[in-house]
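Have a look at the structure below, then the notes.
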There are 2 protein chains.
Amino acid sequence: MSGKNAYQTFVDYLLSNSQNMTPQRATIVGAFLETEGHFSSEDLYHKVRKTEPGIGQATVYRTLKLLVRSGLADCFDMGEGVTLYEHAYDHPHHDHLICTRCGRKEEIVDETIERRQVELAERSGFTLSRHRMFLYGLCPVCRRKGIKD
Amino acid sequence: MSGKNAYQTFVDYLLSNSQNMTPQRATIVGAFLETEGHFSSEDLYHKVRKTEPGIGQATVYRTLKLLVRSGLADCFDMGEGVTLYEHAYDHPHHDHLICTRCGRKEEIVDETIERRQVELAERSGFTLSRHRMFLYGLCPVCRRKGIKD
DNA sequence: TTAATTGCAAATCGTTTGCTGAAAG
DNA sequence: CTTTCAGCAAACGATTTGCAATTAA
């Protein structure tokens, strides 16, 4: 049902911007909604192609942009040259913990840090609007492997 | 004198990797050392060109890579499609506070946050090796302007 | 002399854009 | 009808790479 609401939110976004729902957009949004975790535009493109081979890559890029603007998706760039997307609808803010060996990503949040960030910003006179935090390290599995190697 | 040591550190790095100091590298490293704040490879390229118009862009890219490996420089990508560099020699870890309007960047650190990050990672079984944190907001100057507008 | 380095231009790669025909309201 | 779309291919912009000529050790 979260899917239903999310989809409707997207349709509403389109309507309120004099933009149309189209078969292609419906397909892409559908694929987006059933994709968990972090993925690139290209990942989604490949997924969509399995169902609708006619869809162009540009359409996926354009639709992902709409998804972000509509609030359904969030995107971030970890500096690897690719933009990653994730669900933002019914999915509160969080940061990322990334394994530098296997690439596994975990979502994390910490109230203390969130609060400190606002204080820190204010101390410099800034009004904080958002932030991005990436923690890099070895995940338990990879650490164990590392010891064996 | 920090400049002297930094330069020597770079030369040592080259020597220990059977790489040579060259006039081009010396020029680029010199320009790098006298550039404060955050800058892109292209920024440095333009600066270097004023002195040595013959230097190629690829050489600047290549030398910046060496500067990072030697520990003189640190680089990060804020997702704007450009890699930014800054001094890392005699310049301890810090995070960034960025004005979303004028782009001004301030360096920040907070012991509480740093400590919490390690704890958070450990709670997930990760061994933290490094992190990146960007706080985005309106700087005091821009906020004031915003009110007037 | 031998390995490392340079500058240039061509190649990459993810992403964006211009364009023309097609479709939505 | 009028505007918004889609698909394609070309354009882009930052960065990398292949290569032949040059230089450092």
Side-chain angles (χ1 to χ4, degrees), chain A residues 10-32 38-70 73-86, chain B residues 10-32 38-70 73-85 103:
Chain A
F10 184 66
V11 174
D12 291 346
Y13 168 81
L14 290 179
L15 290 180
S16 63
N17 283 76
S18 54
Q19 299 198 280
N20 313 319
M21 179 47 95
T22 65
Q24 290 91 333
R25 285 179 182 167
T27 303
I28 295 167
V29 174
F32 165 79
H38 312 102
F39 50 88
S40 65
S41 178
E42 183 132 30
D43 292 336
L44 189 60
Y45 171 61
H46 289 314
K47 182 161 196 169
V48 155
R49 284 221 132 207
K50 289 178 191 161
T51 322
E52 299 288 332
I55 288 186
Q57 203 156 9
T59 305
V60 176
Y61 274 108
R62 291 192 266 235
T63 306
L64 272 169
K65 214 159 241 180
L66 296 176
L67 282 165
V68 170
R69 291 207 199 102
S70 71
D74 188 19
C75 72
F76 57 96
D77 186 327
M78 288 185 22
E80 275 100 46
V82 221
T83 301
L84 295 182
Y85 297 83
E86 63 181 8
Chain B
F10 185 66
V11 174
D12 292 346
Y13 168 81
L14 290 180
L15 291 179
S16 63
N17 284 75
S18 55
Q19 298 197 281
N20 312 319
M21 180 46 96
T22 64
Q24 290 92 332
R25 286 179 180 167
T27 303
I28 294 168
V29 174
F32 165 78
H38 312 103
F39 50 89
S40 66
S41 179
E42 181 132 30
D43 291 338
L44 189 59
Y45 171 62
H46 288 314
K47 182 162 196 170
V48 155
R49 284 222 131 206
K50 290 179 191 160
T51 322
E52 300 287 333
I55 288 184
Q57 203 156 6
T59 305
V60 176
Y61 274 107
R62 291 193 267 235
T63 306
L64 272 170
K65 216 159 239 181
L66 295 176
L67 282 165
V68 170
R69 291 207 199 102
S70 72
D74 188 19
C75 71
F76 57 96
D77 186 326
M78 287 184 23
E80 273 101 47
V82 220
T83 301
L84 295 182
Y85 297 83

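Chain A is the first sequence line, chain B the second, and so forth, proteins listed ahead of strands; every chain is numbered from 1. What's counted below: heavy atoms across the whole structure, side chains too, no hydrogens, waters or symmetry copies. Computed from a predicted model, the values in this text were never measured in an experiment.
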Would you tabulate the pairs of protein nitrogen or oxygen atoms and nucleotide nitrogen or oxygen atoms of nucleotides 15-19 of chain C closer than 3.5 angstrom?
unit_1	atom_1	unit_2	atom_2	d
C:dT15	OP1	A:T83	N	2.7
C:dT15	OP1	A:T83	OG1	2.9
C:dT15	OP2	A:Y61	OH	2.8
C:dT16	OP1	A:K65	NZ	2.6

**OP:** Please tell me if the side chains of B:F32 and B:F39 come closer than 4.5 Å, counting only heavy atoms from C-beta onward.
**Re:** yes

In whole angstrom, what separates [X]'s [atom1] from [N]'s [atom2]?
X     : N      : atom1 : atom2 : answer
B:Q24 : C:dT5  : CD    : C1'   : 8 Å
B:E52 : C:dT5  : CD    : C1'   : 16 Å
B:F76 : D:dT15 : CZ    : P     : 13 Å
A:R49 : D:dA6  : CZ    : C1'   : 13 Å
B:D77 : D:dA14 : CG    : P     : 12 Å
A:L66 : D:dA6  : CG    : P     : 9 Å

**OP:** Scan residues 12-23 of chain A against DNA chain D and write down, sorted by residue number, each residue with any heavy atom closer than 4.0 Å; if none is found, say none.
**Re:** A:S18, A:Q19, A:N20, A:T22

Rounded distance [0.5 Å steps], [atom1] in [X] versus [atom2] in [Y]:
X     : Y     : atom1 : atom2 : answer
B:Y13 : B:Q19 : OH    : CD    : 5.5 Å
B:R25 : B:R62 : CZ    : CZ    : 9.0 Å
A:K50 : A:H46 : NZ    : NE2   : 9.5 Å
A:L64 : A:L44 : CG    : CG    : 5.5 Å
A:T63 : A:L14 : OG1   : CG    : 9.0 Å
B:Q24 : B:E52 : CD    : CD    : 8.0 Å

**OP:** Tell me whether the OP1 or OP2 atom of C:dT6 has a side-chain N or O from B:R25 closer than 4.0 Å.
**Re:** yes

Original post:
For B:M21 and B:F10, which heavy atoms make the closest approach, and how far apart are they?
Top reply: CE-CD2, 3.7 Å

